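Take a look at the structure below.
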Amino acid sequence: MTIKLHNTLTQNKDVFTPINPDEITMYVCGPTVYNYVHIGNARPVVIFDVLYRLLKRNYASVKYARNITDVDDKINKASADNNETIGELSSRFADAFHEDMAHLQTLTPDLEPRATDNIDAMIEMIQTLIEKGHAYEAQGHVLFQVSTDSNYGKLSNRNVEDMLAGARVEVESYKREPGDFVLWKPSTDDLPGWESPWGRGRPGWHIECSAMINKHLGKTIDIHCGGQDLIFPHHENEIAQGTCCHDHGSENFVNYWMHNGYITMNGEKMAKSVGNFFTVRELLEKFPGEVLRFALLTAHYRSPLDWSEDTLLQAKASLDRLYGALRDAQLDAANAQHVKIDELENFIKDDLATPQALSVLHSLAGDINKTQGDEKSNLQQALRKAGSFLGLLSQNADDWFKWQPESANNESGLSDDSIDAFIEERLQARADKNFARSDEIRDELKEQGIILEDSKEGTRWTRG
RNA sequence: GGCGCGAUAGCAAAGCGGUUAUGCACUGGAUUGCAAAUCCACGUAGGCCGGUUCGACUCCGGCUCGCGCCUCCA
């Protein structure tokens, strides 16, 4: 079965045909590192991690780049507010981003270009755009002249006149036309800046992605991903820059554009500017990263996903069931084979149909709970492997059930050892048929959030 | 003003023109010292009004409501 992807460019679910099947190129817009990312920022990272895993399984090589924007006016402001240098601040939050994403079980991209390491490529691109008559200098700024690009608006399906009609666009006096956007802007001495043909300055937001794509991945790439809010103007402008710079003609800058929907809170878009957000970091205080990841996969990536406590509790309950089926299962399942693994793979190939893929995991769990012996073990391997396609179910079931937040440490709650001691005592009480004492211990542990389960193999416990 | 998205059972969330999505919750049963976990059983839901069709949640038209982009934004 072929891979199908919804392409914003065609507004259709298209069969994926790579430029070169031996090396797929994919680019995801990464974070601007000026504070902690929220769960909405994490959605594309997780979703397109599933895509990356899919491509890696189906093609010899995948080159996946995710940029880090480390030059930006928000960074400048945050560093001033925190009394911290720009470099310190951006590397601090880049590190935090990596930590958070690791908790979400995302694979590391093959390339993670930083804007500040690619200024030369941007300057070069801007120069070419000026030479070709697509950009002009005005009052220390360099602007892209939108009217020179006859394809402008192709991705977002809009034209400049209609956009300006009801929009709130501030028109700077130095713009030739209201839709023109900044490629380069002047920096004062207190701001980060680089020498350029137009004086000391810094790049506009859109140019970094175009320049880094060209430099690291090529003239035309297979897939470019990001949130829906990037379609316009960011990605539209990337296309304008990329195609006008290299005379693409009828050739695309990017063949497949994929955009994820928003995380909402009570139906409204989660956004830093609105303030209605949860950082990944604070959510990790209450739930394992895998629960966050699972929750992000419960809805189709192009649909909105409303975020609430209940979203997380349901994701937790689902994972409890899946890990329950993996008790005593071995970790390595690379060689597992099962029709349901293929079934799940086909769902992912169908424009990342993760809700359906998750239903396959549940189906396997049900099968496991109904069997014993070798067949059970085979099915467990199948579940393990199927889960890995989604970046799930990679840990020991016991570890899963014993999870507690990092901040819990020894101050609060019971240690694993003391829980085991209580279980020993209760075991003796049960052997003595002292069920009153046995139940008392179970109730006491329950008050501390520890749930006991008696089975033929002995007593197990989980942190509820 | 332009462009786009959504409305499914108690909750979350999919596919599909006619056959069980799935998970959680609920109820009954099996199992258990009692529980928990697990297994079995159990839900004709698809915003409103028309149309196409032998048949529509699924296609077409209209309406209502909600959301988003056009400004930094995943």
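Keep in mind that this is a model prediction, so the values were computed, not measured. Lettering of chains follows the sequences in order, A, B, ..., and the numbering in each one begins at 1.
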Legend entry - Interatomic distance at P, B:C11 relative to B:U52, whole Å: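 These two P atoms come out 34 Å apart once rounded.
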Look at all strands and tell whether [X] reaches a base, only sugar-phosphate, or nothing, counting heavy atoms closer than 4.0 Å.
X: A:H300; result: sugar-phosphate
X: A:R460; result: nothing
X: A:R437; result: nothing
X: A:I263; result: base
X: A:N369; result: sugar-phosphate
X: A:G30; result: nothing
X: A:T264; result: nothing
X: A:F435; result: base

Pairing of [X] and [Y] as salt bridge, 4.0 angstrom limit:
X: A:R437; Y: A:E440; value: yes
X: A:E99; Y: A:R281; value: yes
X: A:D439; Y: A:R430; value: no

Go ahead and name the base partner of [N]; Watson-Crick or wobble counts if both distances stay under 3.5 Å, otherwise write none.
N: B:A36; answer: none
N: B:C5; answer: B:G66
N: B:U44; answer: none

Legend entry - Ring-face cation contact, A:F232 with A:R158, 6.0 Å cut, 45° max: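 Verdict for A:F232: a cation-pi partner in A:R158.
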Inset, instruction - Compute both the distance and the angle, then confirm whether A:R92 meets the cation-pi test with A:Y34: under 6.0 Å from the six-membered ring centre, within 45 degrees of the axis. - result: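 Output no; distance or angle outside limits.
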Legend entry - Distance in angstrom units between A:E453 CD and B:C34 P, rounded: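 It is 17 Å, rounded to the nearest whole Å.
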Inset, instruction - Rounded off to whole Å, could you give me the CG-to-P distance for the A:D367 and B:C40 pair? - result: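 Atom-to-atom, A:D367 to B:C40, this comes out as 10 Å.
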Inset, instruction - Could you check whether A:Y262 and the base of B:A74 form a stacked pair, meaning centres closer than 5.5 Å and planes differing by less than 30°? - result: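 It does not: the two rings, one from A:Y262 and one from B:A74, miss the stacking criterion.
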Inset, instruction - For the side chain of A:P355, starting at C-beta, report the closest nucleotide among B:A13, B:A74, B:G33. - result: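 Nearest nucleotide to the side chain: B:A13.
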Short side-chain N/O contact from [X] to OP1 or OP2 of [N], under 4.0 Å:
X: A:S363; N: B:A21; answer: no
X: A:N157; N: B:G4; answer: yes
X: A:N41; N: B:A74; answer: yes
X: A:K370; N: B:C40; answer: yes
X: A:K269; N: B:C69; answer: yes

Inset, instruction - By nearest nucleotide on RNA chain B, pick out whichever of A:K446 and A:R302 is the more 5' one. - result: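 Going by which nucleotide is closer to the 5' end, it is A:R302.
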Legend entry - 5′-ward residue of the pair A:G267/A:L452 relative to RNA chain B: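 That would be A:L452.
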Inset, instruction - Using a 4.0 Å heavy-atom cut-off, write out nucleotides 24-30 of chain B from 5' to 3' as B (base contacted by protein), S (sugar-phosphate only) or - (no contact). - result: S------
Inset, instruction - Please state whether the base of B:A35 and the side chain of A:R442 form at least one donor-acceptor pair under 3.5 Å? - result: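 Looking at the base of B:A35, it does pair with a donor or acceptor on the side chain of A:R442 (distance under 3.5 Å).
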Inset, instruction - Classify the side chain of A:D306 and the base of B:C67 as holding, or not holding, a donor-acceptor pair under 3.5 Å. - result: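 Check fails, no donor-acceptor contact within cut-off.
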Legend entry - Between A:Q105 and A:R293: side-chain donor-acceptor atoms closer than 3.5 Å: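 Their side chains do not contain a donor-acceptor pair, so the 3.5 Å distance test is not met.
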Legend entry - Option passing side chain to side chain contact (heavy atoms under 4.5 Å, CB included) with A:I47 (candidates A:V28, A:L297, A:T106):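 Checked A:V28, A:L297, A:T106 against A:I47; only one passes side chain to side chain contact (heavy atoms under 4.5 Å, CB included): A:L297.
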